[in-house]
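One structure is given below, encoded as structure tokens.
As the structure is a prediction and not an experimental result, all values here were calculated from the model. In the text below, chain A, chain B and the rest are named by the order of the sequence lines, each starting its count at 1. Computation of the quantities below employed the complete heavy-atom set of this structure, encompassing side-chain atoms and omitting hydrogens, waters and symmetry-equivalent molecules.
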Amino acid sequence: MKRFRRHGHESHRDRLKQELFQFNKTVEHGFPHQPSALGYSPSLQLLAIGTRSGAIKLYGAPGVEFMGLHDENAAVTQVHFMPHQVELVTLLDDNSLHMWTLKGHNGLSELLEIGRFTLMGPPGAPPSVTRVTAVLAHSSGELLLLGTEGGHVFIVEVPGFRELEERNISLDQVASSVPDDYIGRRNLEHVEALQENPVQSNQVVVGYGRGLMVIWDLEKQCAIQHIPATQQLESMWWTEDGSYILSSHSDGSYCRWMVGVEDVNEEEEKSDIPYGHFPCKAISKIVQLPTREGPPFLLFSGGMPRASYGDRHCITVNHSKTQVALDFTSRIIDFFVIGDGPQHTGDPSALVVLVEEELVVIDLQSEGWPVIQTPYLVPLHSSAITCSHHVSAIPLKLWERILTAGALQNTHYSKKPWPITGGQNLASDPPQRDLLLTGHEDGTVRFWDASGVCLFPMYKLSTASVFHTDADPNENLNPGTEGEWPPFRKVGCFDPYSDDPRLGIQKIHLCKYSGYLTVAGTAGQILVLELNDEAAELTVEVKVVDLLQGQEGFRWKGHTRLDVREEPVQFPPGFQPFTLVQCQPPAVVTALTLHSEWKVVGFGTSHGFGLYDYQQKNNVLVKCTLNPSDQLAMEGPLSRVKSIKKSLRQSFRRIRRSRVSLRKHHVNKLQEANARLEAELAEMELAPVQRKIEARSSDDSFTGLVRTLYFADTFLSDSSHNTASLWAGTNGGCVFAYMLRFPPVERRADEPVSAQPAKEIQLMHRAPVVGIVVLDGHGAPLPEPLEVAHDLARLPEMQGSHHLLVISEEQFKVFTLPKVSAKMKLKLTAIDGSRVRRVGVAWFGSNRTEDYGESGLAVLTNQGDVHVVSLPHVKMQVQYPCIRREDVSGIASCVFTKHGQGFYLISPSEFERFSLSTRCVVEPRCLVAPPLHSGSFDQHQPQHGGPSSAPRSTQDGEDAESAARRVMEHALLNDEKVLQEIQKSLEGDQVSFLENNVKSAVA
Amino acid sequence: MNKNHRVPSSRSLSAVEVKSKFGAEFRRFSLDRSKPGRFDEFYGLLQHVHRIPNVELLVGYADVHGDLLPINNDDNYHKAISTASPLLRLFLQRKEEADYSTFGTDSLTRKKNTVLSAVLLRPDVNKKKPPVIISLPRDFRPVSSIIDVDILPETHRRVRLYKHGQEKPLGFYIRDGSSVRVTAQGLEKVPGIFISRLVPGGLAESTGLLAVNDEVLEVNGIEVAGKSLDQVTDMMIANSHNLIITVKPANQRNNVVRSGGGGGGGGAASGSSGRSSDSGASYYGYSSHGAAASMPSHIIQNFPVGELESDEDDEDLVIEAGGEAEPIGRTASNYSMPPLPRYEPHLNLRTTNDSPSTFSVNANGTLPGSGSSGSLSNINASSATPSPDAAKERRSLEEEGTVITL
């Protein structure tokens, strides 16, 4: 009977677990790591980015996002949308082509791979014959033209990937008709580019590497015209009226050729080397776009003078008399231009540039061509992320004030709305306002709106202005003097070069009710900031705190304290610092907590911890936790690897500063540094992989490092009087508790705050303490400061006994209070060998019952698994694999929200958002409708310079034809065979109906 | 009694305070730490100070971990003197009344049998027929044991290492490797964890039960299959206070061959359930007659299941505001017992540190400037056991909390 009952209880618990917990990776925020290809569909208004790791990501209107991953772990080299369809084709590094589509499912669109294909040459042919170098998605939507390294153009029917051998444009056919006097006749080299005539879709131009361009008629299968350029070809562009072809070349020149002139020896009409005289680098892509009135826009990438500006990443925009060389901070992957008007066929309105580290959109219609702020794809890593902090449910008032402060920082952005608007965001409005704060290496803190799918930048705080730094304020990389040539203009915000690594932000704590913020950094600096809507000139009050407390015999060998500006500093509206604590020795701040109700800040380093009263601007408590035998903690953080990183950084900086000077010299230095680093890594790898088994002892390294700090109003000395307390946990498994006494409110500013040691617990297993939580009489975690005052949490239960939960890397342990005795525990490491890396208290709501929910601990282990541990009984609830265990930086970057979600870095520039909760799930829900096909639509070219794909024009007849085909397809549904195929594809075997082609591809 | 421990640090270095108990009588005297002399001289001294010149004595002392250990030769006598901190507590018994069961690990502190109180308070109640002494196996503390011989396959060996109460490091390394398993599909290569190195002089080496290339199968009853090297490392360290590893020895010639009875010995008597197939192996502590104190002793023993789940690691140390130190999880009856030697320094804190300022001299080894010299010296004295040489170098800063290491 008893067993039966228990069984019943357990199944009830299991059901409850299913209602409370589920694990989903929901969305990736930020900028894709190592992008390698760009595509754009003017009809869908969707942007596609392929990455070196084989991911394909689609973006439309804010909130519309799709992601796919190729099974092959190969880089995506090209992305082409099929004109006027919801399909797109990707070319990978391994020479395979993949067809993707956006399928409707339950009212939402999904990105699915529906076919793959690898070009097969004749037996015995070298692989170069079929190595695809250029792809043209023909405007009919039925053909793919594939130019290869061998110089052939293969024509493939899509979506089935059926090779149309009879229509191929073979190298022999072309070579035989080349004029005899063309010097490159013997070897035309690979197919560099393919373009379609915008007005006559049966004409394509094939550009060969050697420079020859051939206009080919697909119907008649013959060459119409030869354009005998002699320079190595880089790209081609067919103007919108079909009358000219532009070609760009490796010597930095571009030429304009007239089309349709009978004379085979047609002279180039115009040739120009825009940054000429001295040798120039190649123009890798050229685009010319008409305007309704006035001269056209000419845009090209590259072409800079080789010696002086050869290392710059530039796109030149030339319109009328205006010419600007947009200077990007990282390599240009590709660019395209969006046109005006409902069909995006009008004047060029926005230039979209994908560079290696960010996406930049330039408004081409506003004066000065300002940048349009991106609502997504924002480079999180414009300076490396050093820490993150999440605050849930921000009060509207604070939210608006931060937004206002942020808006003042963004005045240099264009007022134009975001030009990429494809798809429909069907996600319901986020239930609350969530803020993600990221700390960066350059001393900035960025505030992101993390409520929804788009991680939108709200506000940026810089702490560097408080200090004197290495950077010379007079240094100006871009003086921008009048008449400078080329006319450079810096664009983009990616700037990974930190002037002083000590500025790096290590810990952040924001009180959402009071607007007080505290940030702490690498050189032991702790700033307390207050939100101010007005600009102000402030002198920051400095307090140096000696954490060693007279401990002798040690020498700090690390960096020095930051040098504080003594004169008043002008701070813009937003968070303004009013007081600064500097730890001595200036070690990295490892723990930080703020109590805005008590107006105190607790901070800790590897040497000890302290309590600072920011109302009286006075330090209340210092406790040294240093183990005297721990020399490592004393010597500071400078290791050999670090110093190499530093020297690398310095050499980068030198390069940037003196671009004009001899480039080669620096490259050599860089290479040297790289070689040195590699040698060190190799050395490390050579050591045999073995692990020492030894019990932890008190003189291990960094036992005194303070890992966590916690404020609690609880029963510390007796069970009838609750008092304020500060708790600290160290790396050596030690917990310190201090009783805090605050003067009455009316004398708070005058009478000192006092702190008295109350308890000390040494955990026998000596594992680092990573979290401390006090549970109230109901077993619920104590509310945050001011939460009760704002009626957002119920009063903690002060009747009944409180409990102390100490979370070490190895165990969860509950103690009674005020008399500390062990009550229960959950062992983790002793059982499965994993260790707690991150822990957060979260509330999990049931998806069945609106008013039911439980508090729990969200835990991430060093194995990359996430667990939920129940409170107050510390029982393991669920466990899911989340992060690869090798991904140490991903695990270290994880941050949990108060509602069971989490974020971690999957690359330096991307956060993955995941959810452990059934109720709180933020994921993209969007629909993309297939483009309409109306006869009147698309008389003109719909696409301005889609990346390396042809502009297109559809003739009425053709359009009607394709419409008819669609109808026919529909009719075919009666055919049993077709139905079967559709059935198969619905069953998830999407490739099956392409069987033949796949077979041939595999064979 | 506590006050008596407050010896200036300078004295504690050179002189050893000895408190000797025989029956209900105490004697106090001191010895020069640097010149302890020989055991027979010391024995004579004891007989002299207690005025029992012709009584055969069994001499025992409480070591720093609270274990009652014997003094019966020069080696362990010197060891006793060198580790006394600062007080050397001796317990003398008449040889004919001696209760050998009192010696050994945890003998003074074990919860279940209150031997200490038996020895201290009622020495004459436990009168037993003196056992036939073969080699006094209980003169020695177990450092390792083979357990569960009756339930394990013969090719496996489950070894328990007694780290607690040891200054010796565990002293071994593990590595990744591959091992061959017999499966339904035939032989299959699977990844495994192996012992890669034994540190000379370490606990693992000194036991002789573990060897390089032994495959680790379980840690404290949990299989390691499918776990990474780092996971197994962390599991072993987390269990280091009471580490039980099941290995498949690389050398299978020394395996224990099960006796026909099939584990007839049960869990009661030690070593009854196994016998060595190789007479050269010294797995029987009993048989090594001439074992000196410095030699490792191996005792085959079946442990009750409860002991595997030892709660020793529960005994976190808590210092309350008054300076009171106590291990968590001890039953109240322990409080009434005489202070346990291993917690002496903290008990001293209770008496000496009433002001919050001095409170923070703590087990973790932090030292605020206000710490009184008196309490400092206590800690110094208490920590004299581990690596005395190194300790002397940093004497002025020495404050490591070995007192709470179990």
Side-chain angles (χ1 to χ4, degrees), chain A residues 549-553 608 623-629 688-699 703-704 716-717 730 732-734 736 739 756-765 767 806 809-811 813 815 818-822 825 827-835 862-863 885, chain B residues 163 169-176 196-197 199 204 219-220 222 224 227-241 243 312-321 327-329 356 359-360 362-369 386 390 394 396-402 404-406:
Chain A
Q549 290 288 289
Q551 184 85 272
E552 278 173 20
K623 164 78 180 161
C624 178
T625 56
L626 191 69
N627 177 354
S629 55
V689 181
Q690 58 174 8
R691 297 282 183 271
K692 188 178 185 181
I693 306 298
E694 205 44 77
R696 264 184 294 271
S697 81
S698 57
D699 43 359
T703 49
L716 207 53
S717 52
T730 71
C734 199
F736 300 90
M739 194 188 292
Q756 279 197 337
K759 288 186 196 306
E760 204 176 310
I761 305 164
Q762 172 64 56
L763 299 177
M764 268 310 136
H765 63 284
V806 176
E809 283 192 359
E810 297 186 353
Q811 296 183 6
K813 212 158 180 181
F815 299 91
K819 177 163 171 46
V820 176
S821 62
K825 68 176 170 185
K827 284 187 182 181
L828 185 69
T829 313
I831 305 302
D832 74 350
S834 56
R835 305 172 71 82
N862 66 339
Q863 301 298 312
R885 66 166 167 240
Chain B
K163 167 63 185 160
L170 282 170
F172 66 101
Y173 289 72
I174 56 173
R175 63 167 170 88
D176 276 320
S196 63
R197 187 153 91 84
V199 178
V219 175
N220 287 51
I222 293 155
V224 303
K227 291 194 159 59
S228 70
L229 185 63
D230 288 330
Q231 269 175 294
V232 178
T233 306
D234 284 338
M235 283 169 72
M236 286 187 173
I237 292 174
N239 288 302
S240 60
H241 63 276
L243 183 61
E312 279 172 284
D313 66 324
D314 250 357
E315 296 168 23
D316 302 324
L317 189 78
V318 175
I319 303 174
E320 299 282 346
I328 299 175
F359 145 75
S360 41
N362 62 75
N364 194 32
T366 55
L367 176 62
R394 314 188 290 261
S396 65
L397 285 167
E398 186 56 76
E399 55 198 80
E400 54 191 347
T402 48
I404 45 153
T405 309
L406 286 174

A:Glu760 CD to B:Ile319 CD1 distance, which is reported to the nearest 0.5 Å: 4.5 Å
Where A:Gly833 and B:Asp234 come nearest, the two heavy atoms and their spacing: O-CB, 3.6 Å
Any B:Met236 side-chain heavy atom under 4.5 Å of A:Arg691 side chain: no
For B:Thr233, all residues meeting side-chain hydrogen bond (donor to acceptor under 3.5 Å, both in side chains), sequence neighbours excluded: none
Side chain / backbone / both / neither for A:Gln863 at chain B, heavy atoms under 4.5 Å: side chain
Between CD1 on residue A:Ile693 and CD1 on residue B:Ile237, distance to nearest 0.5 Å: 5.5 Å
Portion of B:Ile222 that has a non-hydrogen atom of chain A nearer than 4.5 angstrom: side chain
Closest-packed option against chain A by number of heavy-atom pairs under 4.5 Å, given B:Arg175, B:Arg197, B:Met235: B:Met235
Chain B contact via A:Glu810 - which portion, at a heavy-atom distance below 4.5 Å: side chain
Residue among B:Val219, B:Val232, B:Asp230 with most heavy-atom pairs under 4.5 Å to chain A: B:Asp230
A:Asp832: partners by side-chain hydrogen bond (donor to acceptor under 3.5 Å, both in side chains), with sequence neighbours left out: A:Ser834
Atom group of A:Leu828 that falls short of 4.5 Å from chain B, counting heavy atoms: neither
Chain B contacts, top residue of A:Pro818, A:Ala830, A:Ser717, A:Gly608 (heavy-atom pairs, under 4.5 Å): A:Ala830
B:Asp316 bridged to A:Lys813 by N-O distance under 4.0 Å: yes
Exam field: side chain A:Glu694 to backbone B:Leu170, donor-acceptor pair closer than 3.5 Å: yes
